[in-house]
Protein chains: 2
Amino acid sequence: MRHTEEAPAVTEALALLREKGERVTAARRAVLQVLDGASGHLCAEDIAGRVDAAEPGVHRATVYRSLQSLTELGIVAHTHVPGSATIYHLKHSAAAQHAHAHLQCTTCEGFFDVPTDWLAPLAERLRDELGFELDAQHAALLGTCAECRDHFAD
Amino acid sequence: MRHTEEAPAVTEALALLREKGERVTAARRAVLQVLDGASGHLCAEDIAGRVDAAEPGVHRATVYRSLQSLTELGIVAHTHVPGSATIYHLKHSAAAQHAHAHLQCTTCEGFFDVPTDWLAPLAERLRDELGFELDAQHAALLGTCAECRDHFAD
DNA sequence: TTATGTGCAAACTGTTTGCGCGAAG
DNA sequence: CTTCGCGCAAACAGTTTGCACATAA
């Protein structure tokens with residue numbers, strides 16, 4: 001089976017897999033490829049769809065399992081989205097260079113990115129005063145976006 | 001059927017219900033009573049359990065529907081907890097006087113409260129620069145608590 | 001060859017919904 | 001009496017799991 005050019009981030013990830021004694025399989029390669037070529041706002045179902053296009057027959061359950069092991073290896077990260085599916089992204093992809101937290105508008109359901117350093121002062125305070133180490137990207141922050149706020153002004 | 005003394009917050013909420021033309025039912029009263037007497041970290045299932053103790057026969061679905069309408073009326077608020085059930089609290093209960101956001105440790109799953117004003121600078125920045133109105137209590141923030149950080153130090 | 005990953009189907013959790021009955025107003 | 005809420009069962013989305021088979025190493 002032929003596959004398209006492998007992005008550097010993917011090659012790197014596959015190397016890390018081998019290094020850790022994990023197996024390099026078609027499913028995992030495809031998952032990585034999809035993540036690399038995406039905006040970083042894909043849920044498992046989306047990923048499964050795209051993976052199946054490139055590598056037919058890969059089961060959803062396998063995609064979940066791949067995402068899980070890739071997460072444990074530190075290659076993939078995810079963001080929990082209240083009320084809907086978790087979204088995944090490559091930790092070191094070009095698109096993820098500027099680490100960002102996720103804002104979600106509870107009205108239009110749209111996503112907005114916010115640079116992680118905006119959360120740095122809060123993170124510092126939590127660390128200093130509570131010893132709590134914040135993982136700002138791990139859960140979406142909720143609120144109302146500018147557009148919806150204007151549109152439904154009350 | 002007899003029920004125990006009604007807390008002021010509950011009486012107030014029931015009055016508001018009537019005012020808005022909503023019906024006061026045994027199920028809704030029980031839900032309010034449970035929320036009033038709780039720490040504010042109860043999920044729908046927990047609430048259903050306690051409601052059923054006080055008012056046997058109330059169905060889970062009814063609890064969900066009650067929580068939903070009470071939320072729409074602004075009496076109840078909830079916090080989404082990644083990977084597990086949404087938790088609910090009375091908006092104006094004694095226990096909720098000092099509004100707080102929720103931190104959850106991804107290791108021990110424990111909850112920690114943080115005063116909303118710790119998030120105020122971030123909220124302000126989001127409002128000023130993005131027009132995004134943050135609802136700090138609506139989703140839990142994730143990270144690692146002091147204890148787990150020490151315990152699993154790496 | 002052998003441990004590890006995979007496909008499949010089925011379970012599972014949290015939550016919602018269509019239906020006819022019952023009770024609040 | 002009429003409308004709204006309820007109990008029930010069934011559906012739903014997202015995710016996980018037990019098992020037998022396939023395959024990377």
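None of the values given here were measured: they were computed from a predicted structure.
Side-chain atoms of T79(B) do not come within 3.5 Å of backbone N or O of A139(B) as any donor-acceptor pair. A donor-acceptor pair under 3.5 Å is absent between the side-chain atoms of Q104(B) and the main chain of L142(B), judged by distance alone. Between the side chain of D128(B) and the backbone N or O of R125(B), no donor-acceptor pair lies under 3.5 Å.
Residue Q68(A) contributes atom CD, which lies 14 Å from atom C1' of dT4(C) at whole-angstrom precision. Here the P atom of nucleotide dG5(C) and the CG atom of L17(A) are 9 Å apart, to the nearest Å. Rounded to whole Å, atom C1' of dT17(C) lies 14 Å from atom CZ of R60(B). Rounded to an integer number of Å, the gap from L14(B) CG to dA24(C) C1' is 14 Å. What separates CD of E55(B) from P of dC6(D) is a distance of 11 Å, to the nearest Å. Look at CG on L42(A): it is 14 Å from P on dG14(D), rounded to the nearest Å. As a whole-Å value, the separation of Y88(B) OH from dG14(C) P is 11 Å. Computed from coordinates, the R28(A) CZ to dA24(D) C1' distance equals 11 Å when rounded to whole Å.
Scanning residues 19-26 of chain B for heavy-atom distances under 4.0 Å to DNA chain D yields E22(B), R23(B), T25(B). Listed in residue order, the members of residues 74-83 of chain B having a heavy atom less than 4.0 Å from DNA chain D come to none.
Picking from dG7(C), dT15(D), dT15(C) the nucleotide with the shortest atom distance to the side chain of Y64(A) gives dT15(D).
If A44(B) and A27(A) are placed on DNA chain C by their nearest nucleotide, the residue sitting closer to the 5' end is A27(A). In terms of position on DNA chain C, the residue among A61(B) and G57(A) whose nearest nucleotide sits closer to the 5' end is G57(A). Mapped onto DNA chain D by nearest heavy atom, H59(A) and R18(A) fall at different nucleotides, with H59(A) at the one closer to the 5' end.
R65(A) contributes a side-chain N or O that forms a donor-acceptor pair with the base of dG18(D) under 3.5 Å.
OP1 or OP2 of dT15(C) has at least one side-chain nitrogen or oxygen of T86(B) nearer than 4.0 Å.
Counting heavy atoms from C-beta on, the side chains of T107(B) and H151(B) never come closer than 4.5 Å.
Take E22(B) and apply the salt bridge (charged side-chain N to carboxylate O under 4.0 Å, His left out) test, not counting sequence neighbours, and it matches R28(B).
Here I87(B) sits in one hydrophobic cluster together with V81(B), F111(B); the rule is ILVMFWY side chains under 4.5 Å apart, joined directly or through other members. As a member of the Ile/Leu/Val/Met/Phe/Trp/Tyr network built from side-chain separations under 4.5 Å, W118(A) groups with L103(A), F112(A), V114(A), L119(A), L122(A), L126(A), L130(A), F132(A), L134(A), L141(A), L103(B), F112(B), V114(B), W118(B), L119(B), L122(B), L126(B), L130(B), F132(B), L134(B), L141(B).
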Under 3.5 Å, which donor-acceptor pairs link side chains of residues 10-19 of chain B to any protein atom two or more places apart or in another chain?
residue : atom : partner : partner atom : Å
T11(B)  : OG1  : E6(B)   : OE1          : 3.3
T11(B)  : OG1  : A7(B)   : O            : 3.1

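Aromatic ring centres of H80(A) and H80(B): separated by at least 6.0 Å.
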